[in-house]
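Only a predicted model underlies this, so the values are computations on that prediction, with no experimental measurement involved. Below, each value reflects all heavy atoms present in this structure, side chains not excepted, and no hydrogens, waters or symmetry copies. Counting begins at 1 with the first residue of the sequence.
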Amino acid sequence: MLDWLVIGGGIHGTHAALVLTTRAGVATDRMRILDPQPTLLARWSQCTGNVQMAFLRSPLVHHLGLGAFDLFEFSRTPEGKPLAAFAPPYDRPGYALFQAHCRHLLAQHRLAERHLQGEAVGLRRLGERGWRVETPDGSLEAHRVILALGLSDRPAYPDWARVCRAAGAPVRHVFDRDVHTAHLPPWRHAVVFGGGISAAQLALALAARQPGTVTLLMPHPVRIHQFDSDPGWLGPKYMRAFEAETSLERRRQMIREARHRGSMPRDVCHDLQRAAEHGELCLQEANVTGATPRTDGRLLLSLTTGDTLETDNLLLATGFEPQRPGGPWLDEAIANYGLPVAPCGYPVVSKALRWARGLYVMGPLAELELGPTARNIAGARKAADRLAHIVERGQANRPVVVGCQA
């Protein structure tokens, strides 16, 4: 039986594994990371690579390493120096540098050796001993399980796009598993539909790549925000009131109000406007009221402006569905073991992110405790820090008391 099993090999699960083994002293041979992808961070790399970002939205100090300035220090090494690039404000790291730093950490700490390729399909309690995680290839047992589940399996499709895709129209979501925007077939007129940073970055990248025209179709006016929530949510400025709020419904509302969905930083907006002014792409603000597949393989979009737009390559950048991660197997565990959930269906956990004895959460599943930044890299760092503290204090097996300090 393992001491720790992390379910999810994305940013959150990988960072947690790194922190537990290098800082909290968990034996590497007593911990594993379960993830269906062939390598750790593969899904993160696909999603971020598909929007072809040049710089991260998050600042220099948000990364997978242990110390706040590990990424900066890596940028001064022979390995990182050729990729060293930072964008104002907040010294946001270049995407290539960030990815190289991730690969460096995986190799330095031999985390790939802790990766088990597989998918969780069931969760069973083993009394006071721990948990059994079922996979299609068998089961794994661990004293403690961390649910580091993300939302990447659920790209959000508007209803009209879902119908068209089922009919064989050229509709793709930038976060679909089988989509790789670096290898798209040639197009005459590509349309990127979405209003946030992912849509903007992708439209800019496609416009710079080939002679075919590109339109960024935005369903709402540009929303300028440097981050997807105010930096005050990283510390006591806003979190003090959030933590004092006892109503879980109100906490959920605070999270909704804090998130700047469909937004982009000012510099990305300036890049868009400059590209439009130079005729490199077309910016159009309208929503889609209907879509008609044509016999020649193209798609005719009907817009709220009364206009129509024809495309032979429609790429959606509309984010992810808001449902709680985990799906049916987690629903079953909640029902079987009475795991506490809020009216929104998300876990109610202790300050140590403990959902039940030996069961912990991070990422979206921890947002009713960590607030609106729980899903981000900053949230991964905050969650891993709490998990490390309970190991360091020897409190990993204490009984759960919702809202307790441990």
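Taking all atoms of both residues into account, the shortest heavy-atom contact from A199 to V192 is O-CG1, 3.7 Å. Closest approach of L217 and V191 over heavy atoms only: CB-CG1, 4.0 Å. Contact between H15 and A384 at its shortest, heavy atoms only, is CD2-CB, 3.4 Å. Closest non-hydrogen pair, P158 versus A156, comes out as CD-O, 3.8 Å. Between A291 and L299, the shortest heavy-atom contact is CB-CD1, 4.2 Å. The nearest pair of heavy atoms linking A16 to L387 is CB-CD1, 4.5 Å.
Counting heavy-atom neighbours within 6.0 Å of D159 CG, excluding the residue itself, gives a total of 12 or less. Heavy-atom neighbours of R261 CZ from other residues, nucleotides or ligands within 6.0 Å: at or below the threshold of 12. More than 12 non-hydrogen atoms from other residues, nucleotides or ligands lie less than 6.0 angstrom from CZ of R209. Counting non-hydrogen atoms of neighbouring residues, nucleotides and ligands closer than 6.0 angstrom, the CZ atom of R266 reaches no more than 12 such neighbours.
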Q: Could you walk me through whether T305 and D307 pass side chain to side chain donor-acceptor pair (under 3.5 Å), step by step?
A: CA-CA 5 Å; T305 57; D307 299 324; 3.1 Å; yes
Q: List the steps and the verdict of side chain to side chain contact (heavy atoms under 4.5 Å, CB included) for Q108 and L105.
A: CA-CA 5 Å; Q108 179 184 19; L105 292 171; 4.0 Å; yes
**Q.** side chain to side chain contact (heavy atoms under 4.5 Å, CB included) evaluation trace for W4 with L20
**A.** CA-CA 9 Å; W4 290 85; L20 288 174; 4.1 Å; yes
Q: Go through the steps to decide whether T135 and L34 satisfy the test side chain to side chain contact (heavy atoms under 4.5 Å, CB included), and finish with yes or no.
A: CA-CA 9 Å; T135 79; L34 180 68; 3.9 Å; yes
(Q) With side chain to side chain donor-acceptor pair (under 3.5 Å) as the criterion, how do Q253 and E249 come out once you've worked through the C-alpha distance, each side chain's angles and the decisive distance to 0.1 Å? (A) CA-CA 6 Å; Q253 185 61 29; E249 292 95 332; over 6 Å; no
Q: Would you check, one step at a time, whether the test side chain to side chain contact (heavy atoms under 4.5 Å, CB included) holds for V349 with R354?
A: CA-CA 5 Å; V349 301; R354 189 187 299 107; 5.9 Å; no
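A distance of 5.0 Å separates CG in L300 from OG1 in T308, rounded to the nearest 0.5 Å. In this structure, OG on S58 lies 4.0 Å from CD1 on I377, to the nearest 0.5 angstrom. With values rounded to the nearest 0.5 angstrom, M254 atom CE is found 12.5 Å from R259 atom CZ. Atom CZ of F242 is separated from atom CZ of R250 by 10.0 Å, given to the nearest 0.5 angstrom. The distance from the CG atom of L330 to the CG atom of L147 is 6.0 Å, given to the nearest 0.5 Å. Of the inter-residue distances, the one linking I224 atom CD1 with M264 atom CE reads 6.5 Å to the nearest 0.5 angstrom.
Between R114 and D29 there is no salt bridge, since none of the side-chain N atoms of the basic residue sits less than 4.0 Å from a carboxylate O of the acidic one. With salt bridges taken as basic N to acidic carboxylate O contacts below 4.0 Å, one links E310 and R298. A salt bridge links E367 with R252: the distance from a Lys NZ or Arg NE/NH1/NH2 to an Asp or Glu carboxylate oxygen falls below 4.0 Å. Checked for salt-bridge contact, D385 and R23 meet the test: a charged N lies under 4.0 Å from a carboxylate O.
Residues V361 and I146 form no side-chain contact, since every pair of their non-hydrogen atoms from C-beta on lies 4.5 Å or further apart. T213 has its side chain out of reach of W187: every pair of non-hydrogen atoms, C-beta onward, lies at least 4.5 Å apart. Annotation: side chain of L123 is in contact with side chain of L359 (closest heavy-atom distance under 4.5 Å). For the pair T14 and L106, the minimum side-chain heavy-atom distance is below 4.5 Å. F227 is not listed as a side-chain neighbour of N376, based on a closest heavy-atom distance of 4.5 Å or more. Annotation: side chain of I7 is not in contact with side chain of I33 (no heavy-atom distance under 4.5 Å). The closest side-chain heavy-atom distance from Q52 to L202 is below 4.5 Å. L64 is not listed as a side-chain neighbour of D70, based on a closest heavy-atom distance of 4.5 Å or more.
Aromatic rings of Y337 and W355 (six-membered ring for Trp) have centroids beyond the 6.0 Å cut-off, not under it.
Judged as a salt bridge (Lys or Arg N to Asp or Glu O under 4.0 Å), and not counting sequence neighbours, the contacts of R124 are E332. The salt bridge (Lys or Arg N to Asp or Glu O under 4.0 Å) test applied to R30 returns D3, not counting sequence neighbours. For H115, there are no side-chain hydrogen bond (donor to acceptor under 3.5 Å, both in side chains) partners two or more places apart in sequence or in a different chain. Residues forming a salt bridge (Lys or Arg N to Asp or Glu O under 4.0 Å) with R172 (at least two apart in sequence, or on another chain): none.
Evaluation of the side-chain hydrogen bond (donor to acceptor under 3.5 Å, both in side chains) test over residues 78-100, restricted to residues two or more places apart or in two chains, returns W44-Q99, S45-Q99, T48-Y95, E79-H104, R92-D267, Y95-Q99.
When the options H225, H220, R57 are evaluated for a side chain to side chain donor-acceptor pair (under 3.5 Å) with S263, the one that passes is R57. The side chain to side chain contact (heavy atoms under 4.5 Å, CB included) test with H109 is passed by exactly one of L66, L18, T21, T28: L18. For the side chain to side chain donor-acceptor pair (under 3.5 Å) with H189, the lone residue among T311, D312, T215, N313 that qualifies is T215.
The backbone N or O of F175 lies less than 3.5 Å from a partner atom in the side chain of H173, making a donor-acceptor pair. Formation of a donor-acceptor pair under 3.5 Å by the Q37 side chain with backbone atoms of T39 is not found in this model. Using modelled atom types, no side-chain atom of S139 and backbone atom of E134 make a donor-acceptor pair closer than 3.5 Å. Under a 3.5 Å cut-off, the side chain of Q117 and the backbone N or O of P36 do form a donor-acceptor pair. Remark: side-chain polar atoms of R32 are not paired, donor with acceptor, to backbone N or O of L140 under 3.5 angstrom. Judged by distance alone, the side chain of R381 and the main-chain N or O of G65 form a donor-acceptor pair under 3.5 Å.
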Side-chain donor-acceptor distances from residues 272-290 under 3.5 Å, at least two apart:
{"residue": "R274", "atom": "NH2", "partner": "D271", "partner atom": "OD1", "Å": "2.4"}
{"residue": "T289", "atom": "OG1", "partner": "S302", "partner atom": "O", "Å": "3.1"}

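Side chains of Y360 and R144: no donor on one and acceptor on the other come within 3.5 Å. Using modelled atom types, one finds a donor on one side chain and an acceptor on the other under 3.5 Å when comparing R43 with Q46. Judged by distance alone, the side chains of H260 and S229 never bring a donor and an acceptor atom under 3.5 Å apart.
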